[in-house]
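These notes concern the structure reproduced below.
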Amino acid sequence: MAHTGRASLARVRALLCAVSALAWPSVSSIAVAAPGVPGTDGLEPTLLVSDPEALRVVSESVGDFGALVLGADTLGANNATLAKHPLYRALMSVIEADVQKVVASDPQAGVAIRGHAHRLFDVRWLHASSARFELVAVASRLDRHFFNPEACGEVRLVYRLGYRQSEREVVLASRLPMTLAVELRADPADQPGACASAARRWFLPRGLKGRALGSQLVASAGPLSAAQITRARIVQVVSNVQTVRWPSAVRPALGGHAEYVLRAFAWDASRQTYRPRKLENTPDVARIARDPALRARLVSWLREPDKLTSIDGATVRLPDEFLAESVVSVTPRGLARRNNRPFRSLLEPSEFRGLDLSKLRFASSPEALVRRLDDLTCSGCHQARSIAGFHLLGDDRTDATPGNALYTGSSPHTLSELARRGAYTTALANQRPVDLSRPFAERATVGDDGYGAHCGLGDPGFHAWRCAPNLTCDAYEATAGESTVGVCLPSSAGTGDPCEPARVRADRDAKRDGVERASARPCAQVCEATRVGFPGGMCAASCSDLPNDAACGGIAILTPFNDCLARQRPFAECVRDHVRPAGLRACSDLLPCRDDYVCARTAQRGGVCLPPYFVFQMRVDGHPTPH
């Protein structure tokens, strides 16, 4: 496995050591990360659990999706069984309608590869007997106390849609690019010391893993006990679905195009069902753009001094009148795509000139303020240092099909965030002052200056976003006409580095986005082109002559590989027959890939950087007919 499944604790400890060495009096929670918590010798805060065996124990106890969300006797049930429940149908009917909107607006969209240029999510998986929602991660989000002041933050359970079925005596199994996350209130914050007790629940023995870890989590004194994980504590259920994917052959300039619909559902007590709710801090761009008076109210509200302070600390709550019920995020090219920046689609940074932003930590210039606002939206956050729009995809089992497993199932943003959350949890357990603010999802405050990190290109709001000494800040995938944020890369292209830099020519309709080519970066060996699915191009090497930072992986031979899938052959067969070896950038939790690439597991159990849609579970197309 890539790591222990417990928050990549080696990385967290390293970052916490760096944090505790800094003298930042304004960040009280980080300053107190080093002292131990009385009574917790041999324990450590468990911030994120992705260990499959531990999560199996949680599912068998309190964490089964159907039993928790539907309140039904559906422990371990498949989707065909869940589909008989009216609450499940209430959730899935909205998602099916979102897919149907794609069909209505795009005549080239369809489920099968053959005959459809644009590949559609197959909604039949939502009702298939071979499919189910599997628990793939549990996260402690006690730092979300500001958004749930009556509780000590949140607990999040993340589920992934997957299937397992047999055809012609061959077992076909994969996950799909859809997650459902259940967000629950942590313990009530109704007594002095209650939140310190809630934090201490997350302190578990060091080195614990597998079923032993799961048993500790669900024990009566654990953070996932039956008293904590109840349907009555659900705040909302959030969904992230890849509704459609355009392969690189259809969108060669960008290296492909995919769309993800993000939604949230809350319990409607009057109707006794789940209904869509407004998305947190995500403006309804189309509605506001059509209404000048509403837009003016938004700008006025954002300019208020107390709102600026809460925007800076990421504790702002945008009023419902401005919010959207759903939003579409797109890949590749992250925040260079205007569609992923709702506030930048509505507002110009110049509208905030003249404001005193000098005392703000993160939003200290008009450009930084607008980018900070986008960072607080669902689409902006999900496209910031993510895995194709996801932050938690879970660890794959050891028996995952070769060529269809992730080496790292958590995004670079999630992993870099763990130090801050660990410092917060430790301070809370110690009943010491805590700081609820967080840095940009794009850039952790400490230790985030390595390969692929986001960096400042000169705007004063990003002056602290520097690169490590051996790297330079490169604007290779920035939005055309903007010079605010770049990416930390070596000055000369090595294995895994971009070789076809281009500025994104953004349009309000993401389907019309284009690129402006820049001068190519020469590779020592081969440049894998954008037009065949490598966004920004990628330098590759020979497996017989691997550089120190490379490992041998496999690249699909595009036409025969896709033809194999179009004939509905098993994915493992297509990998076996139509993949060529290549030297790719090696990766791990501590060595992330650059944006638009995932850390995929190799046959040798190592990690290499690949475009996400080269990993079968990250694409909606090519899967078998649901049973």
Side-chain angles (χ1 to χ4, degrees), residues 94 98 101 144 146-149 154 183 235-240 259-268 274-330 335 337-355 357 360 362-363 365-384 389 436-438 440-442 461 506-510:
V94 177
D98 287 332
K101 288 178 184 176
R144 292 271 302 172
F146 180 85
F147 296 92
N148 285 285
E154 296 174 359
E183 300 176 3
V235 178
Q236 61 181 7
V237 179
V238 297
S239 62
N240 187 355
E259 299 181 359
Y260 299 79
V261 175
L262 308 176
R263 279 193 176 274
F265 302 86
W267 181 251
D268 185 334
Y274 290 101
R275 291 172 58 82
R277 70 178 300 183
K278 298 293 182 70
L279 296 173
E280 184 179 291
N281 290 331
T282 303
D284 188 328
V285 173
R287 181 166 55 86
I288 296 172
R290 291 193 305 265
D291 188 339
L294 184 61
R295 184 187 184 282
R297 288 201 300 275
L298 173 62
V299 173
S300 178
W301 190 90
L302 295 172
R303 289 174 59 94
E304 295 174 11
D306 63 322
K307 304 304 188 302
L308 291 172
T309 300
S310 58
I311 291 167
D312 186 56
T315 57
V316 71
R317 298 293 299 271
L318 201 67
D320 280 2
E321 70 167 320
F322 303 120
L323 299 179
E325 268 195 4
S326 69
V327 69
V328 175
S329 73
V330 298
L335 297 191
R337 307 283 294 272
R338 187 67 79 231
N339 198 90
N340 296 330
R341 297 193 60 187
F343 279 100
R344 187 62 183 83
S345 298
L346 286 167
L347 309 174
E348 293 291 335
S350 59
E351 296 180 72
F352 298 99
R353 287 178 187 158
L355 295 176
L357 306 176
L360 302 184
F362 304 112
S365 74
E367 286 280 2
L369 176 60
V370 177
R371 199 172 185 96
R372 177 55 149 180
L373 286 167
D374 285 319
D375 168 77
L376 303 177
T377 67
C378 293
S379 51
C381 180
H382 274 273
Q383 290 297 336
L436 288 169
S437 65
R438 69 159 176 82
F440 278 79
E442 292 180 83
D507 190 283
R508 283 198 174 182
D509 180 354

What residues, two or more places apart in sequence or in another chain, satisfy side-chain contact (heavy atoms from CB on, under 4.5 Å) together with [X]?
X	value
Ala441	Asp375, Cys381, Ala384, His413, Arg438
Ala289	Leu346, Arg508
Thr315	Phe146, Ser310, Leu436
Asn339	Val328, Val330, Ala510

What are the two closest heavy atoms between [X] and [Y], and how far apart are they?
X	Y	result
Leu308	Leu302	CD2-O, 3.3 Å
Cys378	Leu279	SG-CB, 3.9 Å
Ser379	Pro342	OG-CG, 3.4 Å
Phe147	Val316	CE2-O, 3.6 Å
His382	Leu262	CD2-CD1, 3.9 Å
Leu369	Ala363	CA-CB, 3.7 Å

Apply salt bridge (charged side-chain N to carboxylate O under 4.0 Å, His left out) to [X] and list each qualifying residue two or more places apart in sequence or on a separate chain.
X	value
Glu321	Arg297
Arg144	Glu154, Glu280
Arg287	Asp284

Q.
Suppose we screen for side chain to side chain donor-acceptor pair (under 3.5 Å). Which residues come up paired with Arg275, at least two apart in sequence or across chains?
A. Asp268
Q | Under 3.5 Å donor-acceptor, Arg263 side chain and Pro276 backbone | A | no
(Q) Has Lys278 got a side-chain atom pairing as donor or acceptor with Asp320's backbone, closer than 3.5 angstrom? (A) yes
Q: For Phe265, check ring pair (Phe, Tyr, Trp, His ring centres under 6.0 Å) against everything at least two apart and list the hits.
A: none
Q. Considering residues at least two apart in sequence or located in another chain, which fulfil the ring pair (Phe, Tyr, Trp, His ring centres under 6.0 Å) criterion with Phe440?
A. Trp465
Q.
According to ring-ring contact (aromatic ring centres under 6.0 Å, His included), does anything in residues 280-313 pair up with another residue at least two apart or in another chain? List the pairs.
A. none
When rounded to the nearest 0.5 angstrom, what is the spacing between [atom1] in [X] and [atom2] in [Y]?
X	Y	atom1	atom2	value
Leu360	Asp312	CG	CG	4.0 Å
Leu294	Leu298	CG	CG	7.0 Å
Thr282	Glu325	OG1	CD	12.0 Å
Arg338	Asp509	CZ	CG	13.5 Å

Q: Can you tell me which residue pairs pass the side-chain hydrogen bond (donor to acceptor under 3.5 Å, both in side chains) test with a partner in residues 340-351, sequence neighbours excluded?
A: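 For residues 340-351: Arg295-Glu351, Arg341-Asp374, Arg344-Glu348.
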**Q.** Pair Leu347-Val299, side-chain contact (heavy atoms from CB on, under 4.5 Å): steps then yes or no
**A.** CA-CA 8 Å; Leu347 309 174; Val299 173; 3.6 Å; yes
(Q) Before you tell me yes or no, could you show the steps for Phe343 and Leu318 under side-chain contact (heavy atoms from CB on, under 4.5 Å), namely the whole-Å CA-CA distance, both residues' side-chain angles and the distance that decides it to 0.1 Å? (A) CA-CA 12 Å; Phe343 279 100; Leu318 201 67; 4.0 Å; yes
(Q) The test is side-chain contact (heavy atoms from CB on, under 4.5 Å); show your working for Arg337 and Gln383 and say whether it passes. (A) CA-CA 10 Å; Arg337 307 283 294 272; Gln383 290 297 336; over 6 Å; no
